[in-house]
Every structure is written in C-alpha cells, then in structure tokens.
Amino acid sequence: MGSRGTSAVLSRAARMRQKLQSALEASTLDIEDVSYQHAGHAAVKDNANETHFNIRVISPKFEGQSLVKRHRMVYDLLTDELNSGLHAISIVAKTPKESGS
C-alpha cells in the first residue's frame, strides 16, 4: 500500500498550529483545547469538540504592533477555523523581548 491512504484529517488544533507557525514564525506556540470547560453551553452544539482554545504565541512579527493588531493578525490567520466551528480563542501574543526569550 502506498502513502495515499495514510494521511489522516488534521485536528483543528493541528491546523491552527500550522497556520500560526508558518505565518508568524513563532519561537513559542502553545495551543490548549479548553472545549471541555464549555460543554453544555448554549453556543456549543451537539457536544462539539475543538471549539474553545487558549493560544500563547511569541513572535518577532509582533514587534512594533499594538496588542489589538497582534490579536487581529491571529484572528485573520484563523478565519477559516472561526467560520467552521471554532467558537472562541483566548490569545496571549508577545514579542521575544517581552517574553524574555
């Protein structure tokens, strides 16, 4: 068998990681799925998974950018996810200098 049938569908967290890492060249990227904390909430339909995440990203691309601009950069990169079931993200976005790296 070839490798054609072995590629699995990536989880939302993995897709988010790829998009953020690629575009932001992050030195640190932590993505925590906290969807379990929101089970049963009205906005979480049919016990959906991978709907709420905490994201911590340290990137040189944030240099000279306001906090609002940094968050907008992250949201813009995750537009497809937000349009397909991602309900909420909490973002910590820092430069290497701000993080002490």
Side-chain angles (χ1 to χ4, degrees):
M1 294 219 145
S3 62
R4 275 192 315 187
T6 60
S7 62
V9 174
L10 292 177
S11 68
R12 184 181 309 276
R15 290 190 309 269
M16 290 168 49
R17 179 172 302 283
Q18 283 183 340
K19 291 173 186 177
L20 295 171
Q21 184 64 51
S22 175
L24 298 176
E25 300 170 4
S27 58
T28 299
L29 179 56
D30 299 321
I31 298 177
E32 177 186 16
D33 184 350
V34 293
S35 302
Y36 67 93
Q37 295 175 345
H38 303 276
H41 290 188
V44 179
K45 295 177 176 49
D46 302 321
N47 292 321
N49 294 320
E50 295 193 302
T51 57
H52 295 71
F53 288 87
N54 293 336
I55 299 171
R56 179 176 173 266
V57 58
I58 299 171
S59 170
K61 300 266 184 157
F62 294 146
E63 290 288 345
Q65 303 297 328
S66 70
L67 183 60
V68 171
K69 176 64 175 168
R70 295 173 190 189
H71 283 224
R72 177 54 48 209
M73 291 166 72
V74 172
Y75 274 100
D76 287 349
L77 290 166
L78 299 179
T79 297
D80 290 344
E81 300 300 333
L82 288 160
N83 289 332
S84 65
L86 177 58
H87 179 71
I89 53 178
S90 171
I91 303 168
V92 174
K94 296 185 177 186
T95 66
K97 187 176 182 179
E98 291 169 337
S99 72
S101 305

Original post:
What's the verdict on side-chain contact (heavy atoms from CB on, under 4.5 Å) for T95 and R70, showing C-alpha distance, side-chain angles and the deciding distance?
Top reply: CA-CA 10 Å; T95 66; R70 295 173 190 189; 3.6 Å; yes
Group every Ile, Leu, Val, Met, Phe, Trp and Tyr by side-chain heavy-atom contacts under 4.5 Å, then state whether [X] and [Y] land in the same group.
X   : Y   : result
I58 : L29 : no
L67 : M73 : no
M16 : L10 : no
Y75 : L24 : yes
V92 : L20 : no

Grab the two heavy atoms, one from [X] and one from [Y], that are nearest each other, plus how far apart they are.
X   : Y   : result
P96 : S99 : O-OG, 2.9 Å
D76 : T79 : O-OG1, 3.0 Å
T51 : G85 : CG2-O, 3.6 Å

For the [atom1] atom of [X] and the [atom2] atom of [Y], what is their distance to the nearest 0.5 Å?
X   : Y   : atom1 : atom2 : result
F62 : H71 : CZ    : NE2   : 8.0 Å
Q21 : I31 : CD    : CD1   : 9.0 Å
L78 : I55 : CG    : CD1   : 5.5 Å
L86 : H52 : CG    : NE2   : 8.5 Å

Original post:
How about K19: does its NZ atom have over 12 heavy atoms from other parts shown lying under 6.0 Å from it?
Top reply: yes
Subject >> R12 (side chain) donor-acceptor with D33 (main chain) under 3.5 angstrom >> reply: no
**OP:** Return the set of residues passing side-chain contact (heavy atoms from CB on, under 4.5 Å) with S11 (not counting sequence neighbours), or none when no residue passes.
**Re:** A13, A14, E50
Subject >> Pairs involving residues 55-69, ordered by first then second residue, that meet side chain to side chain donor-acceptor pair (under 3.5 Å) (sequence neighbours left out) >> reply: D30-R56
